[in-house]
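Notes to accompany the following structure.
Remember, it's a predicted structure, so these values are computed and weren't measured experimentally. We number each residue from 1, following the sequence as shown.
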Amino acid sequence: SNVRNITNRFPLGLKGTQVEEEENEFNPEFTQKMLGRIVYPALRQAAMQVGFDRLPENPPDNAGENEEFLQLLYHALMNINVIEGELICPESGRVFPIKGGIPNMLLNED
């Protein structure tokens, strides 16, 4: 990171002021592949911060074969879009705006 003296950078907080949900066709193969690539507690936290509270606290032991869980995970990953809002650094409180679905992560000298 380019920010000095910041050690706790992850996960960023998420505040959605405009959040839209859409329905994309469930893709179990894609979701199974994503299981090993995501940090589940961070994803669950972000989902809850935008109002999606259906993910369990921990993935089930059979997560890759549990279709109900995979569908919930897919929904959180692919169907929830933050159009307007903010990402917030957990240590510094620095705010990164989200506009048009795109976060602005550029650092400006304070």
If only atom types and distance count, is the side chain of Tyr74 paired as donor or acceptor with the main-chain N or O of Glu25 below 3.5 Å? yes

Any idea which heavy atoms bring Pro60 and Asn66 closest together, and the distance? CG-ND2, 3.7 Å

Return the CD to CG distance between Glu20 and Asn81, rounded to the nearest 0.5 Å. 7.0 Å

Whether over 12 other heavy atoms sit under 6.0 Å from Asn62 CG: yes

Phe52 and His75 aromatic ring geometry - parallel, tilted or perpendicular at 30°/60° bounds: tilted

Taking the side chain as everything from C-beta on, heavy atoms only, tell me whether Asn79 gets closer than 4.5 Å to Glu23. yes

Do Phe69 and Thr31 make a side-chain contact, defined as non-hydrogen atoms from C-beta onward lying under 4.5 Å apart? no

In terms of heavy-atom contacts, Leu12 and Pro90 come closest through CD2-CD, 4.0 Å

Would you name the heavy atoms of Met105 and Phe96 that are closest together and state the gap between them? CA-CD2, 3.7 Å

Which pairs of donor and acceptor atoms, one on a side chain in residues 36-50, lie under 3.5 Å apart (sequence neighbours left out)?
residue	atom	partner	partner atom	Å
Arg37	NH1	Lys33	O	3.3
Tyr40	OH	Pro56	O	2.6
Arg44	NE	Leu55	O	3.1
Arg44	NE	Pro56	O	3.0
Gln49	OE1	Leu14	N	2.8

Using a cut-off of 6.0 Å, state whether more than 12 heavy atoms not belonging to Glu68 lie near its atom CD. no

Check whether any side-chain heavy atom of Ile83 lies under 4.5 Å from a side-chain heavy atom of Thr17, and answer yes or no. no

Report yes or no: do Leu77 and Leu70 belong to one cluster of Ile/Leu/Val/Met/Phe/Trp/Tyr joined by side chain heavy-atom distances under 4.5 Å? yes

Leu106 and Asn104 have their tightest heavy-atom pair at N-OD1, 3.0 Å

Could you give me the CA-CA distance, side-chain angles and deciding distance for Phe26 and Met78, then say whether side-chain contact (heavy atoms from CB on, under 4.5 Å) is met? CA-CA 9 Å; Phe26 174 56; Met78 303 304 295; over 6 Å; no

Heavy-atom nearest pair, Pro103 first then Leu87, reads CB-CD1, 3.7 Å

For Asn24 and Glu22, which I'm curious about, is there any donor-acceptor pair between the side chains at under 3.5 Å? yes

Between Ile88 and Lys15, does the side-chain contact (heavy atoms from CB on, under 4.5 Å) criterion hold? Intermediate values first, please. CA-CA 8 Å; Ile88 304 125; Lys15 179 181 176 186; 4.1 Å; yes

